[in-house]
A.B. asks: 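Here it is, the structure, as structure tokens.
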Amino acid sequence: RPLRAASLKTREYQLRVAVSALIISGVDASELVSLSQVLTIERFKRILQVLLDRREGKTSTQVGQIAGFLTSVARHWLKADDATLAQMRKLTARVSVNQKGMTAKNRERLRPFNDDTTVDRLQRLPDELRRLIDRGKQVPARKAVEAQKVAAIAILLVVPLRLKNLVNLDIERHLIERDGRLYLVVPEQEVKNAQLIDFELPADTADLLAWYVREYRPLLLRAPSTALFPGPAGEPKSAQTLAGQIIKTVFKRTGLTVNAHLFRHIAAKIYLDRNPGDYVTVQRVLGHKSLNTTTTIYTGMETRAAGRHFVDVVRGRQSGSRS
């Protein structure tokens, strides 16, 4: 199956990391003019050693993925012999990280959302920022940039989009009005897991987007564009730029570290806290192809809420029995 553009970009990056590691280890760049020269077994070992040395001898998910990728190149492209592949696979197994479920960092970042007050504070943020922008004394162009951030946050709070789909939203193609309601629709071919995204936006979110598009988005345009978040030349804004702006805005107003992808986890947590065990709905909304993916990531996240629900049910049953 052909790789997506994002996957190809990742593979190119991994290969660059590998070649850079060889040069750091002392190999002259002039010797690295073909894959066969990069992926001898001795140079494969050198690559891994440099990557491990950078982490004081500890492996990581990235190191394991690079080792696995290079082994695949040796197998499928270079047609390496069985003995070489066996050594590569053995080394890859040593540095591979069997990551199951959510990372510890993301679990820690989600911990504050056990508190309903924190959830409410984040969900109220777009409206609060909108009022601050309208009342502020900043120059219009600066207000427009701030309004763009608010619109992005407002969408992420109700539609668990990946960053790539967020920055590429197009007013004409992805925002569709039906019977007085506004829908956000992204076709399957534009989504990572080829799962259609079709959400009816809440009235307050639709109103906020209308405010941004009507009053502030025109100030961002330097060329004709239908991008919801236009960049300088009318193309969609850089994903890296918008991602950084979202993190800084949320942290400044709430003290919470929330990147664009974490909004997906937050949405799943909020839902599971109120509906413990309903992984099927979370699977459909997040677009996971496998229910196992959803349960592996989120199992245990709603344990506290499930315990509360259990106690409430038991107490209610006990009260009913006494009556």
Side-chain angles (χ1 to χ4, degrees), residues 1-17 61-62 65-66 69 99 102-103 105-106 109-110 126 145 147-176 182-201 205 209 212-213 217 220-221 223 225-250 257-268 282-290 293-294 297-298:
R1 185 178 66 174
L3 290 176
R4 293 175 180 272
S7 298
L8 291 172
K9 187 175 181 180
T10 297
R11 298 309 186 204
E12 180 183 355
Y13 169 77
Q14 290 172 330
L15 189 57
R16 287 180 181 275
V17 169
T61 302
Q62 183 188 50
Q65 289 173 345
I66 290 174
F69 165 59
Q99 176 66 46
M102 191 177 298
T103 64
K105 180 185 289 186
N106 279 339
R109 288 178 174 176
L110 283 175
V145 174
Q148 189 178 65
K149 302 175 194 176
V150 174
I153 292 170
I155 290 172
L156 289 174
L157 282 170
V158 295
V159 183
L161 287 175
R162 292 179 175 84
L163 179 61
K164 178 182 177 182
N165 291 124
L166 177 70
V167 298
N168 286 315
L169 286 177
D170 184 279
I171 291 175
E172 294 183 357
R173 292 193 299 112
H174 299 130
L175 294 176
I176 300 172
L182 184 65
Y183 293 81
L184 191 154
V185 180
V186 183
E188 297 93 326
Q189 60 269 25
E190 297 180 31
V191 182
K192 179 181 178 182
N193 289 342
Q195 301 291 309
L196 172 69
I197 295 172
D198 191 342
F199 274 75
E200 179 183 345
L201 298 178
T205 304
L209 289 180
Y212 159 67
V213 170
R217 180 180 170 277
L220 299 168
L221 294 174
S225 173
T226 56
L228 181 60
F229 303 114
E235 78 290 354
K237 190 168 187 172
S238 158
Q240 184 177 4
T241 299
L242 186 59
Q245 290 175 332
I246 290 170
I247 292 173
K248 289 178 182 178
T249 300
V250 175
T257 301
V258 179
N259 56 41
H261 192 76
L262 195 69
F263 278 94
R264 288 169 58 85
H265 293 321
I266 292 170
V282 175
Q283 176 202 1
R284 290 175 179 171
V285 170
L286 296 187
H288 295 157
K289 287 188 175 180
S290 167
T293 299
T294 310
I297 295 173
Y298 296 111

A.B. asks: Kindly compute the distance separating NZ (K192) from OG (S7), expressed to the nearest 0.5 Å.
C.D. replies: 8.0 Å

A.B. asks: Mind checking whether Q283 and S290 have side chains closer than 4.5 Å, heavy atoms only?
C.D. replies: no

A.B. asks: What's the verdict on side chain to side chain contact (heavy atoms under 4.5 Å, CB included) for T257 and L262, showing C-alpha distance, side-chain angles and the deciding distance?
C.D. replies: CA-CA 9 Å; T257 301; L262 195 69; over 6 Å; no

A.B. asks: Measuring only between side-chain heavy atoms, which start at C-beta, is R217 closer than 4.5 Å to I171?
C.D. replies: yes

A.B. asks: Measuring only between side-chain heavy atoms, which start at C-beta, is H265 closer than 4.5 Å to R109?
C.D. replies: no

A.B. asks: Measure the CZ-CD distance between R11 and Q65 for me, rounded to the nearest 0.5 Å.
C.D. replies: 8.0 Å

A.B. asks: Should L228 and V213 count as side-chain neighbours, where that means a heavy-atom distance under 4.5 Å?
C.D. replies: yes

A.B. asks: Could you go step by step and tell me if N259 and I246 meet the side chain to side chain contact (heavy atoms under 4.5 Å, CB included) rule?
C.D. replies: CA-CA 7 Å; N259 56 41; I246 290 170; over 6 Å; no

A.B. asks: When you look at V191 and L196, which way does the side chain to side chain contact (heavy atoms under 4.5 Å, CB included) test go after all the steps?
C.D. replies: CA-CA 7 Å; V191 182; L196 172 69; over 6 Å; no

A.B. asks: Using a cut-off of 6.0 Å, state whether more than 12 heavy atoms not belonging to R173 lie near its atom CZ.
C.D. replies: yes

A.B. asks: Write down the atom of G234, the atom of S225, and the distance for their closest heavy-atom approach.
C.D. replies: O-OG, 2.5 Å

A.B. asks: Does a side-chain heavy-atom distance below 4.5 Å link L157 with T205?
C.D. replies: no

A.B. asks: If you count every heavy atom of other residues, nucleotides or ligands that lies below 6.0 Å from Q189 atom CD, does the total exceed 12?
C.D. replies: yes

A.B. asks: Starting at CD1 of I155, measure out to CG of N165 and round the result to the nearest 0.5 Å.
C.D. replies: 11.5 Å

A.B. asks: Are Q148 and L220 close enough that some pair of their side-chain heavy atoms sits under 4.5 Å apart?
C.D. replies: yes

A.B. asks: Provide the closest heavy-atom pair for I66 versus Q14 in the form atom of the first, atom of the second, distance.
C.D. replies: CG1-CG, 3.9 Å

A.B. asks: What is the distance from atom OG1 of T226 to atom CG of L221, rounded to the nearest 0.5 Å?
C.D. replies: 10.0 Å

A.B. asks: Looking only at heavy atoms, which two atoms of R264 and P160 are closest? And how far apart?
C.D. replies: NH1-O, 2.6 Å

A.B. asks: Go through it in stages, so that I can follow the logic: the residues are F199 and L161, the test is side chain to side chain contact (heavy atoms under 4.5 Å, CB included), and I'd like the CA-CA distance, side-chain angles, deciding distance and then a yes or no.
C.D. replies: CA-CA 11 Å; F199 274 75; L161 287 175; over 6 Å; no

A.B. asks: For the CG atom of L286 and the CZ atom of R162, what is their distance to the nearest 0.5 Å?
C.D. replies: 8.0 Å

A.B. asks: Heavy-atom distance under 4.5 Å between the side chains of H174 and V186, does that happen here?
C.D. replies: yes

A.B. asks: If you round to the nearest 0.5 Å, how far is CG of L156 from CD1 of I266?
C.D. replies: 9.5 Å

A.B. asks: For L15, what residues pass the side chain to side chain contact (heavy atoms under 4.5 Å, CB included) criterion, not counting sequence neighbours?
C.D. replies: L35, F69, L70

A.B. asks: What are the two closest heavy atoms between F229 and A151, and how far apart are they?
C.D. replies: CE2-CB, 3.9 Å

A.B. asks: What are the two closest non-hydrogen atoms of V150 and P126, and how far apart are they?
C.D. replies: CG1-O, 3.5 Å

A.B. asks: Over all heavy atoms of both residues, which pair between D170 and A227 is shortest? Give the atoms and the distance, please.
C.D. replies: OD2-N, 4.1 Å

A.B. asks: Kindly say whether A233 contributes a backbone atom to a donor-acceptor pair with the side chain of E235 at under 3.5 angstrom?
C.D. replies: yes

